[in-house]
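This is a predicted model, so every value here is computed, not measured.
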Amino acid sequence: MITIHHLDKWGYCNLDLIEEVLEREKKAIVLIAGASSSGKSFCADYLGTMLRHSGHNAVTISLDKYNVGLSAIIPNKVNCNFFDSSLRNMKTICHRIKKIIYDVPFDEKYSAPVLEKIRKEITGLVPDKDMETFLNGLSVEWKRLNFDETTVYDLKEACQDIKKLCQDRKIKAKDYSKVISERVPSDTYIDGKDYDCIIVEGIYALDKAMLREFAKATNVIKDFIAGNAKSLFLRRIIRDAKISSASSAFTTKLYFTSILKSYQETIFPSRLDSDIILYNDMAFSEIRAGDLYTTKEEISIPDQRKAKKLLSLSKVESLSYQKDTYFTCPGEKTDSVVSNVLRLRCVSKDEGKSYEPSSLVHKGKAKLRKDGKIIRPINVLVREGEFDQVWEDENACLRDFLAAGFFIGPVKYKKKYRLDYKGQKLVLNWVEGDDIVLELNRPYHKEVLKEIRKLVK
């Protein structure tokens with residue numbers, strides 16, 4: 001087993017092993033497993049490009065495309081857990097449920113009104129005496145949905161397709177939409193004759209069931225893509241916010257209740273079967289991306305007396321109390337913490353005596369500027385008013401992050417003053433044990449700003 005920390009070195013290691021295989025075999029198979037959002041697809045694309053530049057033809061098969069969809073995942077779990085897999089007609093039942101929930105918004109797929117529509121559609125397929133149990137089961141299994149279980153994917157179908165490609169046969173390309181969480185029609189075919197390397201990527205690419213299918217094969221190269229706790233968490237939440245219809249709060253809750261458990265119990269152990277492990281933490285380009293950008297102009301005030309002077313000369317429009325808890329992970333460098341911030345904010349309604357959780361935010365690397373402005377990407381992971389959809393309180397949140405491999409801290413207490421100084425709107429952030437920072441808000445009054453700068457410097 002080889003452990004690697006650089007993508008280019010990882011690519012060359014695979015290229016070397018692939019070319020060794022092709023000396024004796026007609027095709028090479030590369031299985032790329034790893035945590036959800038560890039960068040498997042990116043690595044597969046990178047390797048495919050490298051192979052093409054080296055004179056090879058590679059095709060990538062994503063196991064995500066073999067997801068059976070919510071119309072099959074939930075009913076099949078019900079059949080297994082409530083009926084000991086004794087219900088017949090499951091294929092027809094799933095097909096009829098798919099017609100009903102296909103265009104329903106994600107959070108309402110198995111809501112009460114939808115369940116009533118399902119009842120009418122599957123009458124006669126589920127025995128009358130079992131109907132209430134089946135519908136109740138759909139509601140129960142929907143609440144504990146986990147996209148990262150092996151039952152979500154038709155791995156047997158994937159293995160059959162890979163073997164057909166190895167035999168120079170054609171397969172119909174699979175397609176899956178993360179927006180509606182269902183398989184979608186595809187008219188594309190992949191011809192095995194066109195490729196000498198088949199790259200297979202997915203969280204269960206090294207699952208025992210997959211490895212058994214290729215146990216006797218001598219043309220298989222096995223990769224595992226790993227990452228630190230922060231990289232895995234942020235990639236999953238930010239990615240799903242962009243490509244699925246589920247809210248970030250829903251995905252965050254799912255991450256800690258199901259996704260993480262599946263990774264720790266079934267995916268992470270599969271690294272022991274790999275030939276190569278790549279540690280693929282967040283790249284610079286990733287911490288420069290965000291849903292929105294904030295623009296600030298700040299002045300640091302190192303002298304508390306000058307800050308107090310400014311306060312005495314200003315009209316205090318509001319004062320709020322905040323507690324910010326920062327999450328880091330083992331081995332994270334100091335500069336990475338500053339440019340890749342994951343922060344839980346709590347607010348106080350009793351002047352700092354107690355605090356209630358408010359939001360969870362990621363802040364990335366600020367843009368390079370000469371004018372002193374701070375323009376920084378931000379991803380709001382759990383918005384104000386959504387926190388109780390994920391955790392019952394602050395301690396529950398902290399416990400989840402600890403269990404996920406994070407370090408808790410530092411914790412900073414802040415008084416946030418909104419001021420009016422001669423018509424110029426200001427925000428004074430007074431952080432306990434840290435520098436005092438003054439934010440300048442538009443519109444700018446140039447002469448007043450000169451006065452302010454002179455006052456605080």
Please check if the side chain of T257 supplies one atom and the backbone of K253 the other of a donor-acceptor pair under 3.5 Å. yes
Is K365 atom NZ crowded by more than 12 heavy atoms from other residues, nucleotides or ligands, each under 6.0 Å away? no
Results of salt bridge (Lys or Arg N to Asp or Glu O under 4.0 Å) for D240 - residues two or more places apart only: R236
With sequence neighbours excluded, give me every ring pair (Phe, Tyr, Trp, His ring centres under 6.0 Å) pair touching residues 348-378. Y355-Y413
Any idea which heavy atoms bring R183 and K98 closest together, and the distance? O-NZ, 3.1 Å
State the CZ-CG distance between F214 and L206, to the nearest 0.5 angstrom. 11.5 Å
Hydrogens and angles aside, do N228 and S231 bring a side-chain donor and acceptor to less than 3.5 Å of each other? yes
Value for SG (C329) from CG (N340), rounded to nearest 0.5 Å, stands at 8.5 Å
Any donor-acceptor N/O pair, N79 side chain to L87 backbone, under 3.5 Å: yes
Rounded distance [0.5 Å steps], CG in D45 versus CE in M50: 13.0 Å
Less than 4.0 angstrom from a charged side-chain N to a carboxylate O is my criterion; do R345 and D324 meet it? yes
Residue list, side chain to side chain donor-acceptor pair (under 3.5 Å) with N146, at least two apart or on another chain: S262
Name all pairs fulfilling the side-chain hydrogen bond (donor to acceptor under 3.5 Å, both in side chains) condition that reach into residues 12-21, sequence neighbours left out, sorted by first residue then second. N14-D223, E19-H56
Which is it for F406 and L342 under the side-chain contact (heavy atoms from CB on, under 4.5 Å) test, yes or no, and what are the steps along the way? CA-CA 11 Å; F406 285 82; L342 181 57; 3.8 Å; yes
By the salt bridge (Lys or Arg N to Asp or Glu O under 4.0 Å) test, which pairs, at least two apart or in different chains, include something from residues 68-84? K77-E149
Using a 6.0 Å cut-off, check whether atom NZ of K117 has over 12 heavy atoms from anything other than its own residue. no
dist K65:NZ -> S177:OG (nearest 0.5 Å) comes out at 8.5 Å
Please report the interatomic distance CG(N76) to OG(S85), rounded to the nearest 0.5 Å. 8.5 Å
Results of salt bridge (Lys or Arg N to Asp or Glu O under 4.0 Å) for E121 - residues two or more places apart only: K99
Assign the ring pair W142 / F106 to parallel, tilted or perpendicular, where the plane angle (0 to 90°) is split at 30° and 60°. tilted
Cationic N near anionic O, under 4.0 Å, K261 to D148: no
Residues at least two apart in sequence or cross-chain that pass salt bridge (Lys or Arg N to Asp or Glu O under 4.0 Å) with D400, listed by chain then number, are none
Rounded distance (nearest 0.5 Å) linking atom CD1 of I203 with atom CD1 of I259: 9.0 Å
Test ring-ring contact (aromatic ring centres under 6.0 Å, His included) applied to F82 - qualifying residues, sequence neighbours left out: none
Decide, yes or no, whether a salt bridge links K415 with E432 under the criterion of side-chain N to carboxylate O below 4.0 Å. no
Assess, by modelled atom type and distance only, whether the side chains of E384 and S359 contain a donor and an acceptor separated by less than 3.5 Å. no
Check the orientation of F83 and F134. Use parallel for under 30°, tilted for 30 to 60°, and perpendicular for over 60°. tilted
For residues 294-302, tabulate all N or O donor-acceptor pairs below 3.5 Å that involve a side-chain atom, not counting sequence neighbours.
{"residue": "E297", "atom": "OE2", "partner": "Y444", "partner atom": "OH", "Å": "2.8"}
{"residue": "S300", "atom": "OG", "partner": "D435", "partner atom": "OD2", "Å": "3.4"}

Side-chain donor-acceptor contact under 3.5 Å, S36 with Y255: no
Do S71 and E182 get their side chains close enough for a donor-acceptor pair, meaning under 3.5 Å? yes
Quick one: sort the F233 and F256 rings into parallel, tilted or perpendicular, breaks at 30° and 60°. tilted
List in chain and number order the residues that pass side chain to side chain donor-acceptor pair (under 3.5 Å) with K412, two or more places apart in sequence or in another chain; answer none if no residue qualifies. D434
For D187, I'd like to know if atom CG has over 12 heavy atoms of other residues, nucleotides or ligands within 6.0 Å. no
Just jot down the salt bridge (Lys or Arg N to Asp or Glu O under 4.0 Å) partners of K230, sequence neighbours excluded, or say none. E332
Could you note down all residue pairs passing ring pair (Phe, Tyr, Trp, His ring centres under 6.0 Å) where residues 271-295 supplies at least one of them, sequence neighbours left out? H5-Y279
